[in-house]
Amino acid sequence: MQEGTFSIPGTVPETGWRKGDVFAANCPTRLLLDRIGDKWSVLVLLLLSEQPGRFNELRRRIAGVSQKMLSQTLRMLERDGLVTRSVVATKPVGVTYAITPMGGELIDALRTLMMWSEQRIGAVLAAQRAFDAREPGAV
């Protein structure tokens with residue numbers, strides 16, 4: 001492996017890719033972290049990890065997401081290779097979204113983050129209440 005490259009356990013290293021500076025605004029790795037750290041992306045990927053879904057099914061399951069935001073999120077996840085879009089020749093034409101193998105690799109990390117969030121939400125809420133009590137109107 002070249003100096004400046006990195007490998008993720010269980011994956012084949014990409015050739016010629018050099019590790020970037022995730023603190024730089026235009027770093028490709030940072031741009032990917034921004035995408036997978038987006039709340040809509042996380043929710044879409046978690047849903048699609050359960051089973052493929054159609055646009056309106058996803059929209060019904062993800063409370064608060066607008067049609068425009070869901071469409072943009074799915075498009076970017078498809079562009080990044082994390083989701084596939086399949087057109088089904090029905091009347092009306094149906095479109096099904098599914099997670100790709102690369103997207104599936106990401107799911108374990110997302111589930112770990114979700115479980116941590118569920119386990120720690122009580123402590124976070126307590127910290128927020130304590131903060132708000134000592135600094136009213138700070139939020």
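What's counted below: heavy atoms across the whole structure, side chains too, no hydrogens, waters or symmetry copies.
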Just do the side chain to side chain contact (heavy atoms under 4.5 Å, CB included) check on L74 and F55 with the steps written out, would you? CA-CA 9 Å; L74 286 165; F55 184 89; 3.7 Å; yes
Taking a hydrophobic cluster as the set of Ile, Leu, Val, Met, Phe, Trp and Tyr residues connected by side-chain heavy atoms closer than 4.5 Å, whether directly or through intermediates, do V87 and L70 fall within one such cluster? yes
Give a yes or no on whether the backbone of W116 and the side-chain of Q119 come within a donor-acceptor separation of less than 3.5 Å. no
Hydrophobic clustering (ILVMFWY, side-chain heavy atoms < 4.5 Å, transitive) - are V93 and Y97 grouped together? yes
Under the salt bridge (charged side-chain N to carboxylate O under 4.0 Å, His left out) rule, what pairs show up with a residue in residues 39-50, not counting sequence neighbours? E50-R61
For the hydrophobic clusters of this structure (ILVMFWY residues joined by side-chain heavy atoms under 4.5 Å, transitively), does one cluster hold both I36 and M102? yes
Spell out, yes or no, whether I62 and L106 are grouped together once hydrophobic residues are joined by side-chain heavy atoms under 4.5 Å, including indirect joins. yes
Going from CG on L77 to CG on L48, what distance comes out if it is rounded to the nearest 0.5 angstrom? 8.5 Å
Do L46 and M114 come within less than 4.5 Å of each other through their side chains, counting heavy atoms only? yes
Rounded to the nearest 0.5 Å, what separation is found between the CG atom of L33 and the OG1 atom of T29? 7.0 Å
Within the 4.5 Å heavy-atom criterion, are L45 and L82 side-chain neighbours or not? yes
Starting from the C-alpha separation in whole Å, work towards a yes-or-no answer on side chain to side chain contact (heavy atoms under 4.5 Å, CB included) for S66 and M69. CA-CA 5 Å; S66 69; M69 187 52 65; 3.3 Å; yes
Shortest non-hydrogen separation from V95 to R85 and the atoms involved: CG1-CG, 3.4 Å
Transitive ILVMFWY side-chain link L113 to V44, under 4.5 Å: no
Applying side-chain contact (heavy atoms from CB on, under 4.5 Å) between P52 and each of T84, L47, V83, T96, report the one that passes. T96
Side-chain donor-acceptor pair present, S49, R111, cut-off under 3.5 Å: yes
The reported gap from CG in L32 to CE in M76 (rounded to nearest 0.5 angstrom) is 10.5 Å
Identify the two heavy atoms, one from I121 and one from E118, that lie closest to each other, and give their separation to 0.1 Å. CG2-O, 3.5 Å
Measuring only between side-chain heavy atoms, which start at C-beta, is R54 closer than 4.5 Å to L58? no
